[in-house]
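Values reported hereafter were calculated over all heavy atoms of this structure, with side chains retained and with hydrogens, waters and symmetry mates removed. Below, read A as the first sequence line, B as the second, and so on, with proteins coming before strands; counting in each chain starts at 1.
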There are 2 protein chains.
Amino acid sequence: MQQKKVEQLLKQHDIKPSYHRIKILSYLLEKKNHPTADMIYQELVKEIPTLSKTTVYNTLNLFVEKNVAIIITIDENETRYDADISLHGHFKCSSCGKIYDIRLNTAGIIPDELEKFQIDESHIYFKGTCPLCLKKALS
Amino acid sequence: MQQKKVEQLLKQHDIKPSYHRIKILSYLLEKKNHPTADMIYQELVKEIPTLSKTTVYNTLNLFVEKNVAIIITIDENETRYDADISLHGHFKCSSCGKIYDIRLNTAGIIPDELEKFQIDESHIYFKGTCPLCLKKALS
DNA sequence: TAATCAAATTTTAATGATTACAAATTTAAA
DNA sequence: TTTAAATTTGTAATCATTAAAATTTGATTA
């Protein structure tokens, strides 16, 4: 996605598109790797040597608050971020650590039991071993 | 559940039923409140003044390893535990903090996309406001 | 009963992610 | 150009969890 589009996306969500914010959102949108704050920091600090980790945290918190990104908690003590805010699932491979996006048949996903509940977020994820790692385990 | 049953449950899972382990598992089974390690510690230390928090952590880790309990991660930095190891969902109320168990229609819950994946764990949870808090908000 | 040994528990200290806070810098408006 | 507000930075603090070593417990055997 071009920088222009990223700026627009930020503006649409009421966020002033500063240099760092554009960089961080671009990272999320391009890599689609559900990174931790630290992964983002480690990558961007190469380009922006003055970058502070606090800025990464501040920015991510702002993104979540303004609905530009969502938090994914699959493993304890490992907060990850995703700029795909649509309802979708995840699969984390315990072997290689990769997190896959899973398209869900969202019809009938909300249990009747929750009829009287106000649902703000839905999360579905799986853990196990991905096909690539299963294959490797055989050889 | 009587102590005898709890002891049996531990033995069935290859865990020597020590006093502390029985207490901690009983807590999980009776309260069904998806507690954090600290919640368990704060409650049990009243009865067992010498109890150490490390013991609670050690025990919970053992339970997870031996499949007596599962970890529930809904909010970041808040690891919770559940002795109900069956496939079921959760709802956490952002207002009162309570975590509800949700029975799921498990049929067709696994997406076709994961056919070639080996799935070890499935997690489904929702966040929002529970009926009780919705009602309170009106008055 | 006493001695022995492994398992369980405790204590203390370390780690690592995240946040708090104040200072410095940048941006944008007047 | 000046000034206020927003953003970013740096440092220190916090909190959950784990690591490592010491101690206790409890079962087993001599």
Side-chain angles (χ1 to χ4, degrees), chain A residues 3 6-7 10-11 13-27 34-66 68-82 97 99, chain B residues 3 6-7 10-11 13-27 34-66 68-82 97 99:
Chain A
Q3 179 150 329
V6 178
E7 283 190 42
L10 285 169
K11 279 182 195 158
H13 289 260
D14 238 1
I15 298 175
K16 209 175 286 180
S18 76
Y19 178 68
H20 291 152
R21 289 168 178 172
I22 292 168
K23 280 293 184 184
I24 292 174
L25 183 51
S26 296
Y27 178 100
H34 318 85
T36 62
D38 193 61
M39 285 165 69
I40 299 172
Y41 172 76
Q42 295 302 339
E43 186 68 23
L44 293 186
V45 78
K46 293 177 192 166
E47 260 189 275
I48 317 165
T50 66
L51 182 65
S52 144
K53 202 181 274 190
T54 304
T55 299
V56 177
Y57 277 107
N58 286 343
T59 304
L60 290 170
N61 286 341
L62 183 67
F63 285 180
V64 170
E65 188 190 321
K66 298 288 192 185
V68 175
I70 56 172
I71 289 179
I72 303 172
T73 43
I74 294 183
D75 281 320
E76 325 82 72
N77 310 324
E78 198 184 71
T79 306
R80 290 168 173 274
Y81 297 86
D82 192 347
I99 295 178
Chain B
Q3 178 149 329
V6 178
E7 282 190 42
L10 286 169
K11 280 182 195 160
H13 288 260
D14 238 1
I15 298 175
K16 207 176 285 179
S18 75
Y19 179 68
H20 291 152
R21 289 167 179 173
I22 292 168
K23 280 293 185 185
I24 293 174
L25 184 51
S26 296
Y27 178 99
H34 319 86
T36 61
D38 193 61
M39 286 165 69
I40 300 171
Y41 172 76
Q42 295 302 339
E43 185 68 22
L44 292 187
V45 79
K46 293 178 193 164
E47 259 188 275
I48 317 166
T50 65
L51 182 65
S52 142
K53 201 182 274 189
T54 305
T55 298
V56 177
Y57 277 108
N58 287 342
T59 303
L60 290 170
N61 285 340
L62 183 67
F63 285 179
V64 170
E65 188 190 321
K66 298 289 192 184
V68 174
I70 57 173
I71 288 178
I72 303 173
T73 43
I74 293 183
D75 281 321
E76 324 83 73
N77 310 325
E78 198 184 72
T79 305
R80 290 169 172 274
Y81 297 86
D82 192 347
I99 295 177

OP1, OP2 of dT9(D) versus side-chain N and O of Thr50(A): anything below 4.0 Å? yes
Is any side-chain N or O of Tyr57(A) closer than 4.0 Å to OP1 or OP2 of dT18(C)? yes
Interatomic distance where NZ belongs to Lys16(B) and P belongs to dA8(C) [whole Å]: 5 Å
Below 4.0 angstrom from OP1 or OP2 of dT8(D), is there any side-chain N or O of Ser18(A)? yes
Closest to side chain of Thr54(A), choosing from dT10(C), dT17(D), dT19(C): dT19(C)
Rounded to whole Å, how long is the line connecting atom CG of Asn61(B) with atom C1' of dA19(D)? 12 Å
Given Tyr27(A) and Lys23(A), is the side-chain contact (heavy atoms from CB on, under 4.5 Å) satisfied, shown in steps? CA-CA 6 Å; Tyr27(A) 178 100; Lys23(A) 280 293 184 184; over 6 Å; no
Write down the distance between OH (Tyr41(B)) and P (dT11(C)), rounded to a whole number of angstrom. 9 Å
Looking only at dT7(D), dT19(C), dT11(C), the nucleotide nearest the Ser52(B) side chain is dT11(C)
Contact class for Thr79(A) vs. all strands (heavy atom < 4.0 Å): base, sugar-phosphate, or nothing? sugar-phosphate
Spacing of Lys66(B) atom NZ and Ile15(B) atom CD1 [to the nearest 0.5 Å]: 7.0 Å
Rounded to whole angstroms, how far apart are CG on Leu51(B) and P on dT24(D)? 17 Å
Look at all strands and tell whether Thr55(A) reaches a base, only sugar-phosphate, or nothing, counting heavy atoms closer than 4.0 Å. base
Any side-chain N or O of Asn58(A) under 4.0 Å from OP1/OP2 of dT19(C)? no
Take the protein atom CG of Leu44(B) and the nucleotide atom C1' of dT9(C), then report the distance between them rounded to whole Å. 15 Å
In whole angstroms, how far is the P atom of dT18(D) from the CD atom of Glu65(B)? 12 Å
Intermediate values then yes/no, side-chain contact (heavy atoms from CB on, under 4.5 Å), Val56(B) and Leu44(B): CA-CA 10 Å; Val56(B) 177; Leu44(B) 292 187; 5.8 Å; no
Could you walk me through whether Tyr81(B) and Ile72(B) satisfy the side-chain contact (heavy atoms from CB on, under 4.5 Å) test, starting with their C-alpha distance in whole Å, then the side-chain angles of each, then the deciding distance to 0.1 Å, before giving a yes or no? CA-CA 6 Å; Tyr81(B) 297 86; Ile72(B) 303 173; over 6 Å; no
Set out, in order, the CA-CA distance, both residues' side-chain angles and the distance that settles side-chain contact (heavy atoms from CB on, under 4.5 Å) for Ile74(B) and Arg80(B), then state yes or no. CA-CA 8 Å; Ile74(B) 293 183; Arg80(B) 290 169 172 274; 5.9 Å; no
Nearest whole angstrom, please: distance from the P of dT24(D) to the OH of Tyr19(B). 19 Å
Can you check whether His20(A) has a side-chain N or O nearer than 4.0 Å to OP1 or OP2 of dT9(D)? yes
Quick one: Arg21(A) CZ to dA6(D) P, roughly how many Å, whole number? 11 Å
